[in-house]
Amino acid sequence: MTYELRDWDIVSGVGITALGVAAARAVETSRADPLVRDPYAADFVRAAESPIPMPAQAEDVADDDLRWSLMSVFLGLRSRHLDEYLLDSCRASGESPGARQVVLLAAGLDSRAFRLPWPEGVTVYEVDQPRVLAFKDAVLARGGAEPGCARRVAAVDLRDDWAAALAGNGFDPAMPTSWLAEGLMPYLPGDAAEQLLTTVHELSAPGSTIAVEYMPGVDSVLADSSAASLSAGLGIDLASLLADSDYDPNAGLAELGWTVDEVTVAQLADRYGRTFDDEHVAELAGNGRYLTARKR
Ligand SMILES: C[S@@+](CC[C@H](N)C(=O)[O-])C[C@H]1O[C@@H](n2cnc3c(N)ncnc32)[C@H](O)[C@@H]1O
């Protein structure tokens with residue numbers, strides 16, 4: 001487990017996982033009828049010059065190579081579901097005017113600030129490691145990308161005082177916020193995960209929401225031989241990056257008084273018309289979870 005590292009870039013440590021998921025979004029984007037359209041993902045992959053080869057489009061993936069095909073479906077489902085969560089949480093409903101602050105925790109190469117149709121007045125805050133965000137901004141600037149919202153970048157480690165970094169960028173805890181922790185929980189040691197959600201709670205006005213991706217027992221899932229070979233085949237040693245944690249964010253948020261709902265990846269696959277033929281993959285999909293929660 002290399003998580004003690006403090007300063008990684010886009011091709012090292014946990015940083016390379018951000019490139020891996022961008023590659024999966026690039027593959028999915030280039031398919032017919034994609035679950036996500038991320039026009040920036042391929043640019044990131046091409047610019048990174050990763051020591052581990054990664055595809056920038058479906059044509060780069062051999063027909064018999066199931067690894068990236070599966071990753072593109074998993075990442076497509078995740079992107080589609082969380083795109084809908086974020087846009088819904090910014091939409092007015094009942095007495096709520098909808099959130100005007102969105103915080104992407106561990107934003108990595110997430111390009112939602114640029115690719116989603118945000119309502120007027122939304123500010124998107126992106127929090128991640130300085131070198132990951134510097135790479136991202138350089139690629140976006142080279143391509144002339146313009147955000148469709150106000151965008152603020154907080155380059156800070158999520159184990160340090162990221163609340164101060166957000167405040168320094170204009171974040172207002174008195175306003176309802178839509179939070180996202182996508183592809184982050186599996187890497188956080190239990191105490192860091194608990195601290196992260198406690199800080200989210202302290203910074204959240206009533207009506208704030210959060211979506212969190214997590215996988216209970218992720219280390220034992222990866223010990224399964226087919227999951228281990230999938231991860232090895234991607235060229236990323238996930239087992240060495242994942243935290244050995246049994247922290248349960250669903251129970252943690254409920255204890256903090258939030259109302260929590262949850263779907264599995266398998267349920268999302270049903271919702272969006274995708275199927276998993278392989279029994280081990282179907283098991284992985286049954287294990288992967290997305291919770292959404294609201295502060296009362
Ligand atoms: C799998 S990527 C997910 C990126 C993005 N959410 C997405 O889905 O495209 C994991 C991200 O978590 C970030 N990360 C992990 N631990 C972090 C920490 N302690 N502080 C800041 N960023 C962290 C990494 O830099 C990386 O960008």
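Whatever order the structure lists them in is the order used to number ligands and atoms, beginning at 1. All values below come from the heavy atoms of this structure, side chains included, with hydrogens, waters and symmetry mates left out. All values reported here derive from a predicted model rather than from experimental measurement.
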- Task: Report yes if some N/O of Tyr187 lies less than 3.5 Å from some N/O of ligand 1; otherwise report no.
- Result: no
- Going by atom types only, do Ser79 and Arg25 share a side-chain donor-acceptor pair under 3.5 Å? no
- Message: Side chain, backbone, both or neither: which applies to Asp157 and ligand 1 if a contact is any heavy-atom pair less than 4.0 Å apart?
- Response: both
- Measuring from the heavy atoms of Val156, does anything fall under 4.0 Å of ligand 1? yes
- Task: Just jot down the salt bridge (Lys or Arg N to Asp or Glu O under 4.0 Å) partners of Asp43, sequence neighbours excluded, or say none.
- Result: none
- Indicate whether any N or O donor in one side chain lies under 3.5 Å from an N or O acceptor in the other, for Glu194 and Thr198. no
- Message: Under the salt bridge (charged side-chain N to carboxylate O under 4.0 Å, His left out) definition, can you give me all pairs with a residue in residues 254-276, not counting sequence neighbours?
- Response: Glu28-Arg274, Glu262-Arg289
- Message: Students often mix this up, so state it plainly: with edges at 30° and 60°, are the rings of Trp179 and Trp162 parallel, tilted or perpendicular?
- Response: perpendicular
- Note on the structure: Closest to atom 3 (C) of ligand 1 by heavy-atom distance, out of Glu182, Arg131, Arg25, is Glu182
- Message: Any nitrogen or oxygen of Thr17, side chain or backbone, less than 3.5 Å from one on ligand 1?
- Response: no
- Check: Leu158 N/O within less than 3.5 Å of ligand 1 N/O: yes
- Proximity winner for atom 5 (C) of ligand 1, if only heavy atoms of Ala22, Pro130, Ala107, Ala18 are counted: Ala107
- Task: Flag Ala106 as yes when one of its N or O atoms lies below 3.5 Å from any N or O atom of ligand 1, and as no otherwise.
- Result: yes
